[in-house]
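Following: one structure in structure tokens, then a few remarks.
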Amino acid sequence: KQEVTQIPAALSVPEGENLVLNCSFTDSAIYNLQWFRQDPGKGLTSLLLIQSSQREQTSGRLNASLDKSSGRSTLYIAASQPGDSATYLCAGQYGNKLVFGAGTILRVKS
Amino acid sequence: DTGVSQDPRHKITKRGQNVTFRCDPISEHNRLYWYRQTLGQGPEFLTYFQNEAQLEKSRLLSDRFSAERPKGSFSTLEIQRTEQGDSAMYLCASRPMGDTQYFGPGTRLTVL
């Protein structure tokens, strides 16, 4: 069964801190790994997509890595800001569907 | 705005009633997905359309659920004889030939 797990479930950090969110997946036959942001009561916004043949992707202050052999991905956020407060979801694409983790709730305190 | 739109944004219904949700994908996105998200969980895949063909359905999609995508444009998701366990956020996403899925704002269903 394809399962995605995210650790920690919640994280609170002071503004300016660098942080790492973790994602693990049980089935390494992953087509790609995606990170999304979700604000309360809203839909999902795509942040980064890493193809299975890639090791990392970067966008601004965000960097995501993928290690298929260990079944892990990390999302690194540099110099966190209060506006980064949201739920961060990772998802593995298997065939036609995305399998999501439960998310990490991030709060950045000013 | 050319993003994915969903209607209604909120729906409150009584147990046993039927409800229908609509999703309008981004123009020319031939792939459309429905997901369900309950509080504190990530979205769970329900079904997938490529153009008008429904190519995959999750076991979560019981016989009370039906989805259509006539003419390969907008899609509807109907839930018959709603139950309290159907209360959730229903998310629609569309996807072009690339890999990124673009999500709509969701329809929040509350079954009393």
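Bear in mind the structure is a predicted one, so any value in this text is a computation, not a measurement. So that the names make sense, note that chain A is the first sequence line, chain B the second, and so on, each numbered from 1.
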Is it the backbone or the side chain of [X] that comes under 4.5 Å from a heavy atom of chain A, or both, or neither?
X: B:Glu56; result: side chain
X: B:Tyr102; result: neither
X: B:Arg9; result: side chain
X: B:Gln37; result: side chain

If you count heavy atoms of other groups shown closer than 6.0 angstrom to CD of B:Glu68, is the number above 12?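 Open.
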Looking at B:Phe74, is B:Arg22 sitting on its ring face, NZ or CZ under 6.0 Å from the six-membered ring centre and within 45 degrees of the normal?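 Output yes; distance and angle both within limits.
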Have A:Gln34 and A:Ser46 got a donor and an acceptor in their side chains that come within less than 3.5 Å?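 Note: A:Gln34 and A:Ser46 side chains miss the donor-acceptor criterion.
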Pair B:Gln41-B:Glu44, side-chain donor/acceptor within less than 3.5 Å: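 There is no such pair (donor and acceptor under 3.5 Å, judged by atom type) between the side chains of B:Gln41 and B:Glu44.
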Closest approach of A:Leu33 to A:Cys23 (non-hydrogen atoms, all atoms of both residues):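 Closest approach of A:Leu33 to A:Cys23, heavy atoms only: CD2-SG, 4.4 Å.
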Closest non-hydrogen atom pair between A:Ser110 and A:Pro82, with its separation: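 Where A:Ser110 meets A:Pro82 most closely, the heavy atoms are CB-CG, 3.8 Å.
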Taking side chain as everything from C-beta outward and backbone as N, CA, C, O, which of these in [X] sits under 4.5 Å from a heavy atom of chain B? Side chain, backbone, both or neither.
X: A:Leu44; answer: both
X: A:Gln51; answer: side chain
X: A:Asn32; answer: side chain
X: A:Leu98; answer: both

